[in-house]
4 protein chains.
Amino acid sequence: MAKSIDESKIERIKEATIEMVVDKGYGGASVSAIAKKAGVADGYLYRHYPSKQALVQDLYISYIKDFKSNILEQSENNDDFEDVLFAIIMNIFRLANEAPSRAKFLNMLMNDYTFLMSEDFLRSIPESLEKLCEVGKAKGCVSEDITTEEFVAVFPAIPIELASLRVKGIFSSEPLSEKDAKRAAKLCIKALK
Amino acid sequence: MAKSIDESKIERIKEATIEMVVDKGYGGASVSAIAKKAGVADGYLYRHYPSKQALVQDLYISYIKDFKSNILEQSENNDDFEDVLFAIIMNIFRLANEAPSRAKFLNMLMNDYTFLMSEDFLRSIPESLEKLCEVGKAKGCVSEDITTEEFVAVFPAIPIELASLRVKGIFSSEPLSEKDAKRAAKLCIKALK
Amino acid sequence: MAKSIDESKIERIKEATIEMVVDKGYGGASVSAIAKKAGVADGYLYRHYPSKQALVQDLYISYIKDFKSNILEQSENNDDFEDVLFAIIMNIFRLANEAPSRAKFLNMLMNDYTFLMSEDFLRSIPESLEKLCEVGKAKGCVSEDITTEEFVAVFPAIPIELASLRVKGIFSSEPLSEKDAKRAAKLCIKALK
Amino acid sequence: MAKSIDESKIERIKEATIEMVVDKGYGGASVSAIAKKAGVADGYLYRHYPSKQALVQDLYISYIKDFKSNILEQSENNDDFEDVLFAIIMNIFRLANEAPSRAKFLNMLMNDYTFLMSEDFLRSIPESLEKLCEVGKAKGCVSEDITTEEFVAVFPAIPIELASLRVKGIFSSEPLSEKDAKRAAKLCIKALK
DNA sequence: TATGAATGAGACTTCATTCAT
DNA sequence: CATGAATGAAGTCTCATTCAT
């Protein structure tokens, strides 16, 4: 019981952190503002995270982990390769539709050279994509001469860019549909063939 | 009569700003540290820019403008469409090879929701890409049913991602070659067909 | 649960501010110096006032309010008019004797064209004096042809000037006595008759 | 010829200084802003004054000197005492009418405990008023039991306050007339009798 | 346990002053 | 002589973090 209250507080802190960081940037997201938005005391935050930096890093890493494990999971799926890509894309699009702040947060930190993770972890992301690339080649959907680097620049870069454009509202602000995901998957398949 | 403005100082400030922002993030790049790195007095910066924010914004916008004008220029090139893409990609790769900090800086701010430019300017970038997309369709290189959004997610997103991966040294740290650019152009062409 | 606000600290800040402003001027009274004199941290001040300017303004306004309400209070007093003036003068003299810094502070800001208060408030001070002037006329102690402006130039200008001269130690540094106040009241009465 | 250009520059600096100090306060009146307003280079100012402080002090002292010498001059005038006061008052009122900034400047610094002049000079002002007070007593216009302090609190305090109220526009913004000066002189005479 | 008062290092910025031209 | 580019000390203010309650 006491624990569940605790959990909800932590959840609120996480939510508040993401929104503040996306809205005001890392520097502009003050611990006080985050705590206020989460409805907890400034000091409370420090009972669960040693520093603001650690809080943001933790959130970032946990999202990256989710993403990575989703890719690994789907890689082991025996379906049609296009369906595998489609499933992963749907995950990305769902995030953009349902939790745009989280999507922005991820996008922002992934392109911020300040938020580097441990070397080990940094290597582990490409590895999951490398595996997916190999599956694609094995299934004859990815040309043998495509490098992993090129693969990554297509997938997941294309769907991420699509999600990012929607979240920013550059060309449209409509939610990303299943049809959009299908088209995205096809786009990637064409590029990689 | 009085001393003339030392342009090299301003250049050094720009250089220092980019490097500091890339290394430490916007918040971590203190004006003092930038000034020190540039070898000028702390206050000097404020004789040319009204604020730290304006300094970074100015640099950002000038780079975006360069990029945009390069795209517009190439769009009017009557060569083969693949060659047009190749030329733009070469520009991106050259930047990544020769001025990796500048490339990182651009990539970082383009994905930072805090650094928004004026509405007018924000709209002008997609417009240049829309024009390129139409040229591609006119030349029969881009399928009629590709939306501008999809076009952008392929080009320039793919070459930018490739440049970003190299600059981060994820799969390789070799300079991006002309051959890499040719392959990237082909990748885009395949996706858009 | 948490520490409670230390009111004495706020009091010390007020005291220190007044003394520093009087000694060094508004510009010369740095927040750091004020904080040091008050024995609090530099940043502490900003938990109670949004800016240095607001701190000084607040102090100024609260003193002016006290002064104004004292005049209004005495105006409703049914005593002899000279006694009314005497009571107000005693208040001014007491301030000069007991809290000379406060008296200097008030005098300084009242003659500083930078520290203007809200229009409403600015109007409200002459109003209280206008009322007093009318009371004086009703009681036959102030000649009917004296304008409010002239009234104000006599009262409270004369006692304020007397207090100011003492506080500066120009002619004497003795505390202002009850006898001094009596003479001052008489002086005003003679002028206004 | 060259000298006259020089003189006009210095005059412009003086004018600009007074206006800036009155408008923005001593701290808010930056040397750059003063120089710009005067149409001279920042550095030019330092060829004539060793510091900003000295510039302001110099102006202040020269105005005080003018005022003092006017009082001394009039004290030796053998006219009716009321006419003597009237002549001095007219001088104060003329200043308020024709050069309100200068009047404000003087008033501001006279009530600023930061701008203290040399001890010698500080003493010399009351002395001129003391002399005037004695003349008043000799002519039977000032009661023997009036102290110099009281005399000063009446004269020149009353006319200065009247001028100040007009300049601030509290009760009226009309120029101060000869009639106003006559009434002010009468007011002082009544108080001092 | 949770709070929020308090801290103080350090951020951004201003501006009096200097001096090469 | 006059200029204004350049300096850097010092000012105002913010905010991550601590700790008494």
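Side chains are part of it too, since the values below use all heavy atoms of this structure and drop only hydrogens, waters and symmetry mates. Letters A, B, ... mirror the listed sequences (proteins, then strands); counts begin at 1.
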Are any of B:Y46's side-chain N or O atoms less than 4.0 Å away from OP1 or OP2 of E:dT13?
->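 Checking E:dT13 against B:Y46, a side-chain N or O does come within under 4.0 Å of OP1 or OP2.
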
Does OP1 or OP2 of E:dA6 have a side-chain N or O of C:Y44 closer than 4.0 Å?
->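 For E:dA6, OP1/OP2 do have a side-chain N/O of C:Y44 under 4.0 Å.
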
After noting the C-alpha distance and the side-chain angles of A:R102 and A:E15, does the key distance pass the salt bridge (Lys or Arg N to Asp or Glu O under 4.0 Å) rule?
-> CA-CA 8 Å; A:R102 217 169 297 188; A:E15 219 55 62; 3.5 Å; yes

Which nucleotide in [options] has an atom nearest any side-chain atom of [X]:
{"X": "A:R47", "options": "F:dT17, F:dC1, E:dT3", "result": "E:dT3"}
{"X": "A:S30", "options": "F:dT12, F:dT7, F:dC15", "result": "F:dC15"}
{"X": "A:D42", "options": "F:dG8, E:dT17, F:dT17", "result": "F:dT17"}

Would you classify A:A54 as touching base, sugar-phosphate or nothing, given that sugar-phosphate means primed atoms plus P, OP1 and OP2, and contacts are heavy atoms under 4.0 Å?
->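 It contacts nothing in the nucleic acid.
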
Touch class at under 4.0 angstrom, heavy-atom based, for C:V31 against every strand present =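 If one applies the 4.0 Å heavy-atom cut-off, C:V31 turns out to touch the sugar-phosphate alone, with no base involved.
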
Look only at the side chain of A:S101 and the backbone of A:E19, and say whether a donor-acceptor pair between them is shorter than 3.5 Å.
->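 Pair absent, no side-chain N/O of A:S101 close to backbone of A:E19.
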
Take atom [atom1] of [X] and atom [atom2] of [N], then tell me their distance rounded to the nearest Å.
{"X": "A:Q53", "N": "F:dA16", "atom1": "CD", "atom2": "P", "answer": "12 Å"}
{"X": "D:H48", "N": "F:dT3", "atom1": "NE2", "atom2": "P", "answer": "10 Å"}
{"X": "C:M20", "N": "F:dT12", "atom1": "CE", "atom2": "P", "answer": "10 Å"}
{"X": "A:L55", "N": "F:dT17", "atom1": "CG", "atom2": "P", "answer": "10 Å"}
{"X": "B:Y49", "N": "F:dA5", "atom1": "OH", "atom2": "C1'", "answer": "16 Å"}
{"X": "C:L45", "N": "E:dA6", "atom1": "CG", "atom2": "P", "answer": "12 Å"}
{"X": "C:K36", "N": "E:dA9", "atom1": "NZ", "atom2": "P", "answer": "12 Å"}

When you match B:V40 and C:G27 each to their closest nucleotide on DNA chain F, which lands nearer the 5' end?
->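 Closer to the 5' end of DNA chain F: B:V40.
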
Taking for each residue the nucleotide of DNA chain F bearing the nearest heavy atom, is the 5' side occupied by A:K52 or by D:A41?
->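 Mapping each residue to its closest nucleotide by heavy atoms, the 5'-most match is D:A41.
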
Calculate, to the nearest 0.5 Å, the distance between atoms NZ and CZ belonging to D:K9 and D:R47 respectively.
->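 The CZ atom of D:R47 is 10.5 Å from NZ of D:K9, to the nearest 0.5 Å.
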
Calculate, to the nearest 0.5 Å, the distance between atoms CD and CG belonging to C:Q53 and C:D58 respectively.
->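 Going from the CD atom of C:Q53 to the CG atom of C:D58 covers 10.5 Å.
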
Where each pair must be Watson-Crick or G-U wobble with both distances under 3.5 Å, what dot-bracket representation of DNA chain E is obtained, with crossing pairs in [ ] and other-strand partners as |?
-> .||||||||||||||||||||

Output the residues of residues 5-19 of chain B in contact with DNA chain F, where contact means a heavy atom of the residue under 4.0 Å from an atom of the strand; sort by number or write none.
->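 Nucleic-acid contacts, sorted: B:I5, B:D6, B:K9.
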
In terms of heavy-atom contacts, does NZ of C:K24 have more than 12 from other residues, nucleotides or ligands at under 6.0 Å?
->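 Counting neighbours around NZ of C:K24, 12 or fewer heavy atoms of other residues, nucleotides or ligands fall under 6.0 Å, so no.
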
Tell me whether [X] forms a cation-pi arrangement with [Y], defined as NZ or CZ under 6.0 Å from the six-membered ring centre and within 45 degrees of its axis.
{"X": "B:K65", "Y": "B:Y60", "answer": "no"}
{"X": "C:K14", "Y": "C:Y49", "answer": "no"}
{"X": "B:K52", "Y": "B:Y26", "answer": "yes"}

Under the side chain to side chain contact (heavy atoms under 4.5 Å, CB included) rule, what do B:I5 and B:I10 come out as? Steps first, then yes or no, please.
-> CA-CA 9 Å; B:I5 292 179; B:I10 298 177; 4.1 Å; yes

Would a 4.5 Å heavy-atom cut-off, applied to side chains only, mark B:I34 and B:D42 as touching?
->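 Not touching, per the 4.5 Å side-chain cut-off.
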
